[in-house]
Amino acid sequence: MAYSAVLGIRKVSALGISRVLQADKGSLWRFQLESEFGVSLRLDFLTRNYRKNSGPPKFDFTGTEATSKFDFTDLTCPHTWYPIARKKKRKVILHVGPTNSGKTYRALKHLEKSSSGVYCGPLRLLAWEVAKRLNKANVPCDLITGQEKELKEGATHKAVTVEMADVTSVYDCAIIDEIQMVGCTQRGFAFTRALLGIAADELHLCGDPAVVPLVEDILKVTGDDVEVHTYERLSPLVPLKEPVSSVSSIKTGDCLVTFSRKDIYAYKKIIERAGTHLCSVVYGSLPPETRTAQATRFNDETNDFDVLVASDAIGMGLNLNISRIIFSTLQKYDGTGTRDLTVSEIKQIAGRAGRFQSKFPTGEVTCLHKEDLPLLHASLKSPSPLLERAGLFPTFDLLCRYSLAHPKDGLYQILEHFVENAKLSSNYFISNVDDMMKVAAIVDELPLGLQEKYLFVVSPVDVNDEISGQGLAQFAQNFSKTGVVRLREILAADRVKVPKTPTELKELESIHKVLDLYVWLSLRLEDSFPDREVAASQKSICNLLIEQFLEGNRLNSPTRVSRYLRRQKF
Ligand SMILES: Nc1ncnc2c1ncn2[C@@H]1O[C@H](COP(=O)(O)OP(=O)(O)OP(=O)(O)O)[C@@H](O)[C@H]1O
Ligand SMILES: [Mg+2]
């Protein structure tokens, strides 16, 4: 009998809702929860084992404040959503400067010395690196990302991805890295939540100077003390006057930056065919483990993979020994159209050259095409434009309360309502939740509770990847039908196989995403997604196969590549 109730609570805490204040056992379990929004919600869980019955558990949200008179769309005071942080007068230290100026290094020094703390980063790669570093320095540190939970005995510290930041614990010290991401249209709200909600005596924010006035303004209402520490680059970055116009000018330590997967493989091929260098590759849809392996191989002087071909995925999170950044283009396709790179993007990518204390202490930056040089030079000289607004999105319990007052609305309608009607102060914009709404449209068709729908909506599915999107739809369907999702029902084992063509490689990358999603769900709905170990081992196999493919020589046929590259003028 207790089984469903315990499962329910696990789900609730996974969503960031905090303490159980009261539990009553009867024919149903009744929980009083204190949420991060600072209001109490009463949840009644039917404790029947729903798998033997007709459907998933039915949650009866009976919060007392859910009247239609309450203006749910008033998001003008988000700092009040975090009462634990508001009880503190935090000392907030902004570490700002260009890339490679030691911002994160300085903040981590404070974290290492603190009695308890948390590092929040934008990427799993960064959380991994910090956990490794702290553990090595004998500061026991847990690693918590959406897909990993590695707990160390006696851990006083945590390294987390920002979405996993816990706003109900109290810390001595906290870091939010790459804080300028508060301005990101999709993920900005997770940074804002951490900025307003982390209850730490000392809060270190690392990032671009362009974020300073906005953060200062946001924190005027919290009563925190704010200090700004500004740093200079630790090693020089030299913009070159000449482009790299031929493949024979490519040298060890070069990183050629391009923005499509197709171009990455085409450039890799042409550089390798010239016979002097082998290339590692880094781009967004490669699994993070593979990205790290490729970076390690590029950094390792004992092998011949001494050139990197990469997308802007190198902009954050990897330690790379790059001597020269070469932009193949200063434009990128961003999902809707081709646009110029912003000043911040150009500076962030260019700044990867010449990492302090690396093999190449001076960085250089140039382009493939002469006509791009003026824009490159001008961008490197300009300050990044100031950030004007931070992303915001209502907390889950606000969505719940709205749902109580509008029981007929599906999650899609609820999200749409907030997007269209949210009232915000001038420091904020409502986050772009288009991708979440695509998932909401799928799960609204299924007999699931709001919490479960929300879980699928915030899962790390890539809805723009067909295989990944189909995986999510299947997981949600099977979950709603039987309550248990076995991996083999969704993914035949023979789909994880050695790729022979770039198309098969792309498919394997997508299959990795599906497996990653399974692991993510299994950490939140343990009993319903019981094959975590199988999924994790299949993921490792995918990584190995992808790496093997990248080392092998099975890319496009030489004639196709040269025809394609002739069009690219290289
Ligand atoms: N005082 C220092 N002593 C030794 N190494 C340092 C020092 N400061 C920075 N470093 C090293 O220099 C490199 C760059 O530092 P760090 O990552 O902190 O820069 P950053 O400003 O955060 O860069 P980014 O904007 O790219 O995140 C790292 O490898 C770091 O360990
Ligand atoms: Mg940093």
Side-chain angles (χ1 to χ4, degrees), residues 93-113 117-137 139 141 159-162 173-184 191 194-195 203-212 215 228-237 253 255 257 282 291-292 295-296 298-300 308 310-323 325 342-365 379-380 383-384 387:
I93 300 154
L94 271 151
H95 301 268
V96 296
T99 52
N100 197 11
S101 55
K103 306 178 292 288
T104 309
Y105 180 91
R106 300 290 181 97
L108 284 172
K109 284 282 167 210
H110 289 272
L111 189 67
E112 263 178 50
K113 278 189 259 150
V118 60
Y119 166 89
C120 311
L123 296 174
R124 286 159 77 187
L125 293 170
L126 285 165
W128 294 350
E129 200 171 293
V130 169
K132 200 163 90 188
R133 177 184 162 147
L134 291 189
N135 282 311
K136 204 168 150 197
V139 179
C141 179
V160 308
T161 38
V162 70
C173 179
I175 299 177
I176 308 173
D177 208 356
E178 307 290 351
I179 184 67
Q180 71 282 355
M181 283 191 71
V182 285
C184 172
F191 285 80
L195 172 64
L203 175 61
H204 296 263
L205 310 173
C206 310
D208 194 297
V211 79
V212 172
V215 167
V228 182
H229 298 187
T230 305
Y231 305 98
E232 296 301 325
R233 241 186 100 89
L234 294 165
S235 56
L237 179 66
C255 171
V257 176
V282 170
R291 273 184 260 165
T292 310
T296 309
F298 169 69
N299 287 342
D300 178 0
L308 189 63
S311 73
D312 45 351
I314 55 157
M316 273 188 285
L318 289 167
N319 262 317
L320 294 161
N321 290 337
I322 297 172
S323 100
I325 289 280
T342 63
V343 167
S344 331
E345 284 168 337
I346 291 176
K347 288 166 77 162
Q348 178 91 17
I349 298 167
R352 311 310 293 177
R355 199 93 180 140
F356 181 57
Q357 289 184 334
S358 79
K359 198 165 79 182
F360 303 105
T362 297
E364 295 175 331
V365 53
S379 303
L380 292 174
S384 303
L387 258 78

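Note that this is a predicted model, so its numbers are computed, not measured. Atoms within a ligand are numbered from 1 in the order they appear, just like the ligands themselves.
- Nearest-residue assignment for atom 17 (O) of ligand 1 (options His95, Arg355, Lys103, Lys109; heavy-atom criterion): Arg355.
- Atom 29 (O) of ligand 1 has as its closest protein heavy atom Asn319 OD1, 4.2 Å.
- Scanning both residues, Leu134 and Glu112, for their nearest heavy atoms gives CD2-CG, 3.4 Å.
- Here the straight-line distance linking atom OH of Tyr119 with atom CD of Glu129 works out to 8.0 Å at 0.5 Å rounding.
- Considering Val182, Leu205, Val118 in turn, Leu205 is the only one that fulfils the side-chain contact (heavy atoms from CB on, under 4.5 Å) rule with Ile176.
- The residue Gln348 has no part lying near ligand 1, judged by heavy-atom distances below 4.0 Å.
- Looking only at heavy atoms of the protein, atom 5 (N) of ligand 1 is closest to Gln357 OE1, 3.4 Å.
- Judged by distance alone, the side chain of Asn299 and the main-chain N or O of Asn319 form a donor-acceptor pair under 3.5 Å.
- What you find for Arg352 and Ile322 is that their closest heavy atoms are O-CB, 3.8 Å.
- Only the side chain of Glu178 comes within 4.0 Å of ligand 1, judged by heavy-atom distances.
- Which parts of ligand 1 touch Pro98 is read off a 4.0 Å heavy-atom cut-off, strictly below it: atoms 21 (O).
- For ligand 1 and Ser101, the ligand atoms under 4.0 Å from any heavy atom of the residue are 19 (O), 20 (P), 21 (O).
- Scanning the protein heavy atoms around atom 14 (C) of ligand 1, the nearest turns out to be Asn100 OD1, 3.3 Å.
- Between the side chain of Glu178 and the main chain of Pro122, no donor-acceptor pair closer than 3.5 Å is present.
- At a 4.0 Å heavy-atom cut-off, ligand 1 touches Leu234 through the side chain alone.
- For the pair Arg133 and ligand 1, the shortest N or O to N or O distance does not fall below 3.5 Å.
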Audit row: Val257, Asp312, side-chain contact (heavy atoms from CB on, under 4.5 Å) steps and yes/no: CA-CA 7 Å; Val257 176; Asp312 45 351; 5.6 Å; no

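- Protein heavy atom in closest approach to atom 16 (P) of ligand 1: Gly102 CA, 3.8 Å.
- Taking a cut-off of 2.8 Å, the protein N, O or S atoms nearer than that to the Mg ion (ligand 2) are Thr104 OG1.
- Interatomic distance, CG of Leu203 versus NE2 of His110, reported as 12.0 Å (0.5 Å rounding).
- Judged by distance alone, with hydrogens and angles left aside, the side-chain atoms of Asn100 form no donor-acceptor pair with the main-chain N or O of Arg233 at under 3.5 Å.
- The backbone N or O of Gly315 lies less than 3.5 Å from a partner atom in the side chain of Gln348, making a donor-acceptor pair.
- At the top of the distance list for atom 22 (O) of ligand 1, counting protein heavy atoms only, stands Thr104 OG1, 2.8 Å.
- Taking the six-membered ring where tryptophan is involved, the planes of His229 and His95 are perpendicular, since the angle between them exceeds 60° and thus also 30°.
- In terms of protein heavy-atom proximity, atom 1 (N) of ligand 1 is closest to Tyr105 CE2, 3.3 Å.
- How far OG of Ser379 is from CD of Glu345: 10.5 Å, rounded to the nearest 0.5 Å.
- At least one donor-acceptor pair under 3.5 Å links the side chain of Ser235 to the backbone N or O of Gly354.
- Here the shortest heavy-atom pairing between Cys141 and Ala131 reads SG-CA, 3.9 Å.
- Ligand-side atoms of ligand 1 in range of Arg352: 26 (O), range being under 4.0 angstrom from any heavy atom.
- Under 4.0 angstrom from ligand 1, there are no non-hydrogen atoms of Arg106.
- Given atom 12 (O) of ligand 1, the protein heavy atom at minimum distance is Phe356 CD2, 3.4 Å.
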